[in-house]
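The basis for the numbers below is simple: all heavy atoms, side chains too, and nothing from hydrogens, waters or symmetry mates. Predicted model, so just to flag it, every value in this text is computed and none were measured.
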Amino acid sequence: MDRNRKWVPGTGAVLLILFSHMTSALEVPLDLPQPPTITLQSPKDYIFDPRENIVINCEAKGKPHPSFSWTRNGSHFDVEKDSKVLMKPGSGTLVIDISGEKAEAYEGTYQCTAHNEHGTAVSNNIVIRQSRSPLWSKERNEAITVQMGISLVLQCRPPAGLPPPVIFWMDNNFQKLPLDLRVSQALNGDLYFSNVLPEDTRSDYICYARFPHTQTIQQKQPISVSVLEMDTMNETLAALYNVTDFYSDSPVGERRPGFMTPLGATSTKMVLKGETLELECIAEGLPTPEMTWQKDGGELPSSRITFHNFQKTLKISDVNEADGGDYRCTAKNKLGTAHHIIKVTVKASPFWVSAPRNLILAPNETGILTCRVGGEPKPKISWFVNGVSIENAPEDRSRKVEDDTVILSNVQQGSSAVYQCNASNEFGYLMANAFVNVLAEPPRVLTPPNRVYQVITNSPALLHCASFGSPIPTITWFKDIQTSIKNDDPYVIHENGTLEIHVAQPLNSGKYTCIATNNLGIKENHVYLEVKEPTRILKQPEYKVVQRGMSAEFECKVKHDPSLIPTMIWLKDNGELPDDERFEVDTDSLIIKDVIEEDEGTYTCIMNTTLDQDSASAMLTVVEATPTPAIVYEQPDPPTDLELTDQTERTVQLSWIPGDENNSPTQKFLIQYEDLLHQPGVWINLTEVDGTSTTAQLNLSPYVYYTFRVLAENQVGFSQPSQASRQYRTNPAAPDENPSDVQGEGTEADNLVISWTPLTGFQANGPGLEYKVHWRQKGVDQEWSSRTVANVSQCVVTGTPTYVPFEIKVQASNDYGNGPEPGVTIGYSGEDAPLSAPDSVKVMVHNSTVAEVHWEPVVPTSVRGKLQGYKVYYRRERGLLETETEETEQEEQVLTFSGNRSEGRLPGLQPYSLYNIRIRVLNSKAEGPPSTDKKFETPEGVPGQPAFLNVEPSLDSLTLSWGAPLSINGRLSGYILKYQPVNSTNELGPPKIMNLLANETTVTLSNLNSSMLYKFYLSAKTNKGSGPSITEEGFTIIDTSESCPTEPPHTTSHITQSPHPPFHKAPSVGPAFGTVNTSVSEDGAVINWEYFGHHKNVYVEYIVENSKEDWKKELVNGSHSHMIKGLKPATIYRVRVVARDPADPTVHSTDEVLVTVPAVPSRQVDIATQGWFIGLMCAIALLILVLLIVCFIKRNKGGKYPVKEKEDAHQDPEIQPMKEDDGTFGEYSDTEDHKPLKGSRTPSNGTVRRDESDDSLVDYGEGGDGQFNEDGSFIGQYSGKKEKDTHEGNESSEAPSPVNAMNSFV
């Protein structure tokens, strides 16, 4: 729907309208009166299947609900009289039962009419036709005998169906006949052979036609084709005509191409804009010709072009006017070429430039309906009112028709109607309904009340206020009822009433009220904004390397808004976790027990809330229990022994011997060259080959002194370059390419500068490089002009007409010949100043600060250059309250509207002023002459705030004086004074309002309370409304009989001038802060302060000392103490308390204080110093000693041993013989004494852990002697222990350390 603002008449016709509202969202609520609107109708061309019912759609809405009627072939169609026709209840849709009836009886042109008391809407003319699939006419196909090599056409000629059938060729076995470059199917279905071969002989060439609507297939009688070779043909004809060697003198052999379709040198094709252009060229010849396409004098549109049927069919989709022209198809074989030109003309059925839109007008408003269409030829526009031609409709003096525009002035209630615009030419028509609904409706807010919007901090927030009313309501927003929101940072109020906060912060949370107002009433709606804390992962999972069989734990600690319900999800390699009980998911961790190789991968924790999410990932690597030596990976060594072989003018073979790969396979070899003639010292990449190759065939350029080198690359990186090869020189030759980036652009009105990117010395291919520059005016029958230049990159052509297109080409040449034939580029000669000025300048004023200007664009030929746009010059001459002798002209303002525009908007106008405007056309060279000056006036606006407001105190009264606004913006009608008392707790009392005359500049308020602070709001007003307020505070004189106040006194000198109403708390005038104290506890830093202010927003801000980061702040409203948590230990912070007020630019702050957070004391406990542990170790040692004594006694009782054996059994273990295989003692060693005691165990956790997250080295070996390799693998368990056993033996009598003592139980 569109709503139109009021008009300002100019000296000519009424001006076009500017849509200043987001009209697409404006809909008339269905409970309000409105004319009918067609919401659903069948397509203009409706082909029905005779086996199904005919359904003609026609749906409409309106208030009251519309009634429906139909016409058929221009006459009334009485639905009631035909029992086969049913109209759906509450709808205009027709359902026609054609079973048992002749469907042809219901063919025709139908039109639906929807009517209620406010108007009549009509549908398009809907042409109803029955789909048809007629049988093939009976015919007898003669067998075709044809000589090998000649061309052949098999005609299909399918029956005419509705819609047309789809054609394809098959054989008796229903197999599609193969199509290729030689055999192809034309667009009309005929089968073309460019030349026939013996394999084309068959008796079942069958053409099939498939009719889409009825899904039936008809087939033509089979065609038999026999292809005879030359000898067979001669024998056949000799027997038939009693002659010999019939074709021996002129055999059919190879021949140049010729066109089978289309015939002749040229043909024509017409296509409609927006449709698909299909061009076809099929040629015969031997060998089979190949087809190419080009557009004479232009480029083929690469983004919309496709080739089909082996390049024989060219299709261009979405055709536009630029696609018209001559298209050349070229058939080529080795014997020659043939050309055919298809002249394409682009026409256009009517299409919308600007369709008419529904108007909703209040009584006495003025509006406009526009019906702008394009087409070729130009469509004819006809207007209808309620389905009746506007010439035959009842006369309406408020209505004026100007070609494609209907202007409605001072409309009245009861004049609602539906207007129809019909645009037609010989290729079709467009028809659109647009109603004019005259309503007087107070505002209503369509957004549901009390809606809660939730957003995350620092993201945008959109608060909606969809409304309706007539006249269009004005939308204003308030926060927390009293704070008026202006269209300024951080707020943006869109034209549809939506309030946007670009970067929402917690302080933006609260209640928002939108108020819709027009001259018939006011309506408000409340919504709520909740700004939530973002979800953040505080501790991310870390990369883990875990031995197989051990456990892995990933932590993922998250902080989120407490009001949002979080959901934690863990993924493995971006998929779900395996369904395995070894995976345990906790609230902030994932534990994988008994890790196996398949557990390796990337694990991701995702924390979701209803508003946002955060995620983090870490990898798990599983290693074997037995560490392996680390493999060192390095870059490969450079290749060696470069050799050049198989040398030609343009190629050479390079071979080399690869260097050592250094444990990483070579992935590729990079070959570089140095050009000692053109770029000495610069190595350039030439080519790459696979890492398994040791040779490369190199393509070379002429006139280059080559030296080559090779680099090898593996996973680590590139090797050093090899030694350079010997030099190899190539001979000069003609250029292989022409200059690039050829352009033509004039710098003066009578010249053309042709420029290009010159060839490099490498590209020149030889000495004596020159450029042959060719040019000629496009579209003029003349020869090419040319000039040869050298060592330059441009050529200036003088004496050219102003801004005309030229065909340009630049060819490179040297002492050895010319380069290839260059392509043609289109350039333009120089521009000159435009000749004519825009005329029919009209201005429409929307409101007191915005107007729209319209003009008639200049004739393109008068631009004399590339149209850049239009410049609008406008200047305020004087205010409407000033006389012509008091004119105070302001500096002229300029707005530029790019492109071929015919309208533009003038923002930022001053209300109640007289303006002068003129327009110039602009090209790349200069501006054209100005249009005739046009004057217009802006209506009244609201005034600015009063210039000043002073308060003079006394004991029980206050005298206020003020100055008139600097910007009155109309006729000043008075002032509005509102004042409120402020009590000792800074709370505002009930307001009082006074209306003052326009000539008053002072007022005395009596009978006020003594020693009381008052807050004043003063605003000026015009007939348009009141402007922004100026605020001031003032004290009545303090009554000395009363006790002194305990809080700092207010002063009367402080003036706050702000257009924003205050919060509940009135701002304090005295100092805001007193003493600040700090203390530090285990939970954080505690800040205490004295505060005397009223400000709504009080923050504690802190930052690490000497840090350049932004201050972090925490909101502490209503408190005099705050704890800062989460500070880093052993860190010094700068802390301050800050108070801010949106209505006061002053920022109050305490002095900065330093807070030192102490280091966290170590909570690790040295277990070796604990009494219980020492006692336990002593008990264990005593028990071991007792057991050893018992074992020794038992051995002595067990038998006698030779002295030699006893001596050998107790000799020094360090010199006892060792078994080579396992390192155990020799046969004379009694190892029983050194075996572990039965039933002994290690502690369940392996050792005493310092902290849950720390891994103890003693878990992996004795005495904590285990170590880590460089790659992080643990070796103590497998090497350290064995080494200890070897060198120290298993003597249990040594004094063990506590850790060794526990490990002795193993």
Side-chain angles (χ1 to χ4, degrees), residues 639 642-656 668-689 695-711 718 720-745 747 752-775 784-797 808-825 827:
L642 272 64
E643 183 178 359
L644 298 175
T645 57
D646 299 340
Q647 302 168 3
T648 68
E649 287 291 330
R650 294 290 185 107
T651 63
V652 69
Q653 181 169 289
L654 175 66
S655 59
W656 62 89
K668 65 181 179 181
F669 290 99
L670 173 64
I671 302 170
Q672 299 177 329
Y673 73 90
E674 178 188 14
D675 182 359
L676 296 173
L677 179 62
H678 301 106
Q679 290 181 291
V682 179
W683 288 94
I684 302 170
N685 294 342
L686 178 60
T687 187
E688 294 178 351
V689 297
T695 62
Q697 189 76 15
L698 306 180
N699 295 320
L700 308 179
S701 295
Y703 200 49
V704 179
Y705 294 176
Y706 283 102
T707 302
F708 302 98
R709 70 182 187 184
V710 183
L711 292 85
F718 278 102
Q720 292 296 317
S722 68
Q723 293 294 322
S725 71
R726 65 179 176 85
Q727 189 180 105
Y728 181 66
R729 300 185 179 186
T730 55
N731 295 324
D736 294 327
E737 56 186 305
N738 290 311
S740 60
D741 195 23
V742 178
Q743 298 179 354
E745 185 176 9
T747 58
L752 171 66
V753 178
I754 303 172
S755 61
W756 58 90
T757 299
L759 300 182
T760 64
F762 180 84
Q763 296 170 318
N765 286 2
L769 177 64
E770 294 180 333
Y771 301 102
K772 295 181 179 180
V773 185
H774 305 265
W775 70 91
W784 289 90
S785 301
S786 64
R787 187 182 302 170
T788 301
V789 296
N791 300 322
V792 295
S793 60
Q794 70 175 29
C795 174
V796 180
V797 180
I808 303 166
K809 56 184 181 180
V810 180
Q811 185 179 33
S813 65
N814 60 19
D815 293 345
Y816 292 83
N818 296 328
E821 180 65 25
V824 176
T825 301

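- For the residue pair Leu769 and Ala790, the shortest heavy atom distance occurs at O-CB, 3.8 Å.
- We find the CD-OG1 distance between Glu643 and Thr695 to be 11.5 Å, quoted to the nearest 0.5 Å.
- The main-chain N or O of Gly819 is found under 3.5 Å from a side-chain atom of Gln811 such that the two form a donor-acceptor pair.
- Between Arg709 and Glu674, no side-chain nitrogen of the basic residue sits less than 4.0 Å from a carboxylate oxygen of the acidic one, so the salt-bridge criterion is not met.
- Between Trp756 and Cys795 there is a side-chain heavy-atom pair separated by less than 4.5 Å.
- We find the CZ-NZ distance between Phe718 and Lys668 to be 5.0 Å, quoted to the nearest 0.5 Å.
- Contact check for Ser786 versus Lys772: no side-chain heavy atoms found under the 4.5 Å cut-off.
- Rounding to the nearest 0.5 angstrom, the gap separating the CD atom in Gln679 from the OH atom in Tyr673 is 7.0 Å.
- Checking side-chain atoms of Arg787 against main-chain N and O of Trp775 turns up no donor-acceptor pair under 3.5 Å.
- Side-chain contact check for Asp736 and Asn765: at least one donor-acceptor pair (N or O, by modelled atom type) lies under 3.5 Å.
- Other residues, nucleotides and ligands place no more than 12 heavy atoms under 6.0 Å from the CD atom of Gln720.
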(request) Given side chain to side chain contact (heavy atoms under 4.5 Å, CB included), test Thr687 with Leu698 step by step and report yes or no. (result) CA-CA 8 Å; Thr687 187; Leu698 306 180; 3.7 Å; yes
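- In plain terms, the two heavy atoms of Pro735 and Ala764 that are nearest each other are CG-O, 3.9 Å.
- Closest heavy-atom contact between Glu821 and Asn738: C-ND2, 3.9 Å.
- When every heavy atom of Leu644 is checked against every heavy atom of Arg726, the shortest pair comes out as O-NH2, 3.5 Å.
- Crowding of Gln723 atom CD: a count of heavy atoms from other residues, nucleotides or ligands under 6.0 Å not exceeding 12.
- Rounded to the nearest 0.5 angstrom, Tyr705 OH and Leu676 CG are separated by 9.5 Å.
- Nearest approach of Ala696 to Ile671, heavy atoms of both residues: CB-CD1, 3.4 Å.
- Ser701 is not listed as a side-chain neighbour of Thr730, based on a closest heavy-atom distance of 4.5 Å or more.
- Enclosure of atom CD in Gln672 by more than 12 non-hydrogen atoms of other residues, nucleotides or ligands within 6.0 angstrom is indicated.
- For the atom pair CD1 of Ile754 and CD of Glu745, the computed distance is 12.5 Å after rounding to the nearest 0.5 Å.
- Other residues, nucleotides and ligands contribute at most 12 non-hydrogen atoms within 6.0 Å of the CG atom of Asn791.
- Taken from OG1 in Thr788 to NE2 in His774, the straight-line distance is 7.0 Å, to the nearest 0.5 Å.
- A perpendicular orientation is assigned to the rings of His678 and Phe762, their planes being inclined by more than 60° (bins at 30° and 60°).
- In this structure, the side chains of Thr757 and Ser740 come closer than 4.5 Å at one or more pairs of heavy atoms.
- Using modelled atom types, no side-chain atom of Asn818 and backbone atom of Ala734 make a donor-acceptor pair closer than 3.5 Å.
- Across all their heavy atoms, Pro767 and Pro732 have their closest contact at CD-CB, 4.1 Å.
- Within the 4.5 Å cutoff, the side chain of Tyr703 has no heavy atoms near those of the Gln763 side chain.
- Using a 30° and 60° split on the angle between ring planes, Tyr706 and Phe708 fall in the parallel class, below 30°.
- Residues Leu654 and Phe669 are not in side-chain contact: their nearest non-hydrogen atoms beyond the backbone lie 4.5 Å or more apart.
- Counting only heavy atoms from C-beta outward, the side chains of Thr707 and Gln727 approach each other to under 4.5 Å.
- Put simply, the side chain of Pro721 reaches to within 4.5 Å of the side chain of Leu711, judged on heavy atoms.
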